[in-house]
Amino acid sequence: MSDSSRRYRIGYALAPKKQQSFIQDSLVNLAKERSVDLIRIDTDKPLVDQGPFDCILHKLSGEEWKKQLEDFSSKNPNVCIIDPLDAIERLHNRISMLQVVSELKIPQENETFGIPKQILIYNSETLLDADALEGLRFPVIAKPLVADGSEKSHKMSLVFNRDGFSKLKPPIVLQEFVNHGGVIFKVYVVGDYVKCVKRKSLPDVSEENLGSLEDSLSFSQVSNLTTQYRNNDHYYENMHLENAEMPPLSFITDIARGLQRAMRLHLFNFDVIRDARVGNHYLVIDINYFPGYAKMPCYEAVLTDFFWDIAHKKEAVEFNKEEKSEMASDCRKLPSYDMEERKIVSNTYCSDETDGA
């Protein structure tokens, strides 16, 4: 049997900026109360020389880190790695990232979902070829193909006409901009937990205004676009978050579960918009690994539950293996059984009516 006084060690390897935002005292202290210790992994030292750990939490990339994880796993096969590098790397490409959404087999009845029309551009010459754009309608969002969390990968533009293509540097993904009422739904997934919140987004772009806008605007300049709309009552109506209806939680949860199974990831979020042309049609426009959870309401309780759950499921598996080994050595035939998975519910109550389910 497990020792009720045992403490669980979660080693974390995060970039300095990520560590600063995620490993806050409120999280560390709450985890300690649940017998979970968060231990910083020194990336300047070999991973195999550190520990012991019950689980490793990481958001690093590169061949050196990949090799360290592989070496550590080979020597410590019982330590859970959150999450597999090959699964994470799928989200570093904006084409393969959303391809998984198109492959989901989820019943679509009252609500439907999909992804915006998008094409991959490898070179500047293709931008001059009208046939290559496959009838993509303006405006379009231009995104770097690589989505590795670097500053460069976040440089996006809203392009209103062909002249705006002259500022783009392939390889890029051109994604058709869909009017969505100026509201984006951010869905956070932490193991079994799913949280949907609403945030302000880019305002709708009408066909009447399309011709009067600049060739393109970087997302850092979107405030300029917003200013042009401030005399428009429709803009204010769209930007009132409290009036924006949340998508059905069961529908969003089904998508989250489907993505989780397909991608083999525990920690991610995805951005969803509601197509203003079809009120019950939703579009997944982005998926991120290990997002800024500190922005999520009550993130400390949610992540602590997740750590506790992972540690105890691991312990249950190990205990089950030991017990089955003992049963195998016993001449008596005893009935086999599976350990029951438990849904861990936090004792910490957090109310968040504004941000939705």
Side-chain angles (χ1 to χ4, degrees), residues 2-3 6-23 27-28 31-32 34-93 96-97 100 145-153 189-192 259-269 287-293 303-304 306-322 324-325 339:
S2 62
D3 184 357
R6 181 177 179 235
R7 303 195 65 82
Y8 301 92
R9 295 169 58 88
I10 309 293
Y12 63 86
L14 306 172
K17 187 176 180 180
K18 186 71 176 180
Q19 181 177 310
Q20 184 179 10
S21 65
F22 183 74
I23 305 296
L27 173 64
V28 173
K32 281 184 177 179
R34 296 285 296 278
S35 300
V36 175
D37 295 322
L38 298 176
I39 312 297
R40 186 180 74 86
I41 292 173
D42 189 342
T43 54
D44 293 328
K45 298 179 181 178
L47 181 58
V48 291
D49 295 339
Q50 302 180 64
F53 301 117
D54 294 285
C55 173
I56 288 182
L57 182 74
H58 72 100
K59 190 178 183 181
L60 297 176
S61 58
E63 288 302 315
E64 176 59 29
W65 176 246
K66 183 176 183 179
K67 184 177 184 303
Q68 288 214 47
L69 274 182
E70 291 173 349
D71 290 346
F72 183 89
S73 294
S74 65
K75 295 179 174 62
N76 302 274
N78 292 327
V79 175
C80 180
I81 306 293
I82 306 292
D83 276 307
L85 263 179
D86 62 330
I88 297 172
E89 287 171 354
R90 182 174 189 173
L91 298 185
H92 290 171
N93 180 299
S96 62
M97 171 198 295
V100 66
L145 173 62
V146 176
D148 58 1
S150 65
E151 183 178 350
K152 183 179 179 181
S153 70
V189 180
V190 183
D192 294 333
L259 289 174
Q260 192 172 46
R261 288 191 296 269
M263 299 189 302
R264 299 181 293 119
L265 296 175
H266 292 81
L267 303 173
F268 64 95
N269 82 333
I287 307 175
N288 300 287
Y289 180 68
F290 203 149
Y293 283 116
L303 269 298
T304 295
F306 172 70
F307 296 147
W308 197 95
D309 196 9
I310 287 292
H312 281 72
K313 282 181 178 178
K314 171 180 174 290
E315 186 179 60
V317 169
E318 291 175 352
F319 173 68
N320 198 21
K321 286 180 179 178
E322 292 177 3
K324 284 183 178 180
S325 177
M339 296 297 291

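Not counting sequence neighbours, the partners of Lys75 by the side chain to side chain contact (heavy atoms under 4.5 Å, CB included) test are Val48. Listed by chain and residue number, Lys67 satisfy the side chain to side chain donor-acceptor pair (under 3.5 Å) test with Asp71 (two or more places apart in sequence, or in another chain). In terms of the side chain to side chain donor-acceptor pair (under 3.5 Å) criterion, residue partners of Asp37 (sequence neighbours excluded) are, by chain and number, Arg7. In terms of the salt bridge (charged side-chain N to carboxylate O under 4.0 Å, His left out) criterion, Lys66 has no residue partners (sequence neighbours excluded). With sequence neighbours left out, the side chain to side chain contact (heavy atoms under 4.5 Å, CB included) criterion links Gln260 to Val189, Arg257, Phe268. Qualifying side chain to side chain contact (heavy atoms under 4.5 Å, CB included) partners for Lys152, counting only residues two or more places apart in sequence or in other chains: Ser150. Residues satisfying the salt bridge (charged side-chain N to carboxylate O under 4.0 Å, His left out) criterion with Asp86, sequence neighbours excluded, are Arg264. Listed by chain and number, the residues in a salt bridge (charged side-chain N to carboxylate O under 4.0 Å, His left out) with Asp148 amount to none (sequence neighbours excluded). Taking Tyr289 as the reference, Asp83 meet the side chain to side chain donor-acceptor pair (under 3.5 Å) condition, with sequence neighbours excluded.
Minimum interatomic distance between His58 and Trp65 (heavy atoms only, all atoms of both residues): ND1-NE1, 3.2 Å. Considering all non-hydrogen atoms of both residues, Ser153 and Ala147 come closest at CB-CA, 3.9 Å. Closest approach of Leu265 to Ala87, counting heavy atoms only: CD2-CB, 3.7 Å. Contact between Trp308 and Arg34 at its shortest, heavy atoms only, is CD1-O, 3.2 Å. The heavy-atom pair separating Leu14 from Leu60 by the smallest distance is C-CD2, 3.9 Å. Heavy-atom minimum distance, Lys45 versus Gln50: O-NE2, 3.3 Å.
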Item checked: Criterion side-chain contact (heavy atoms from CB on, under 4.5 Å) on Ile10 and Ile82, from CA distance to verdict -> CA-CA 10 Å; Ile10 309 293; Ile82 306 292; over 6 Å; no
Next item on the list: Please assess Arg40 against Ile23 for the test side-chain contact (heavy atoms from CB on, under 4.5 Å), listing each intermediate value before the final yes or no.
Entry: CA-CA 9 Å; Arg40 186 180 74 86; Ile23 305 296; over 6 Å; no
Next item on the list: Could you check Phe22 against Phe290 for side-chain contact (heavy atoms from CB on, under 4.5 Å), going step by step and ending with a plain yes or no?
Entry: CA-CA 10 Å; Phe22 183 74; Phe290 203 149; 3.8 Å; yes
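Here the SG-NZ distance, from Cys80 to Lys313, works out to 10.0 Å after rounding to the nearest 0.5 Å.
Although no hydrogens or angles enter the test, the distance criterion places no donor-acceptor pair under 3.5 Å between the side chain of Asn288 and the main chain of Pro291. No donor-acceptor pair closer than 3.5 Å links the side chain of Arg90 to the backbone N or O of Met263.
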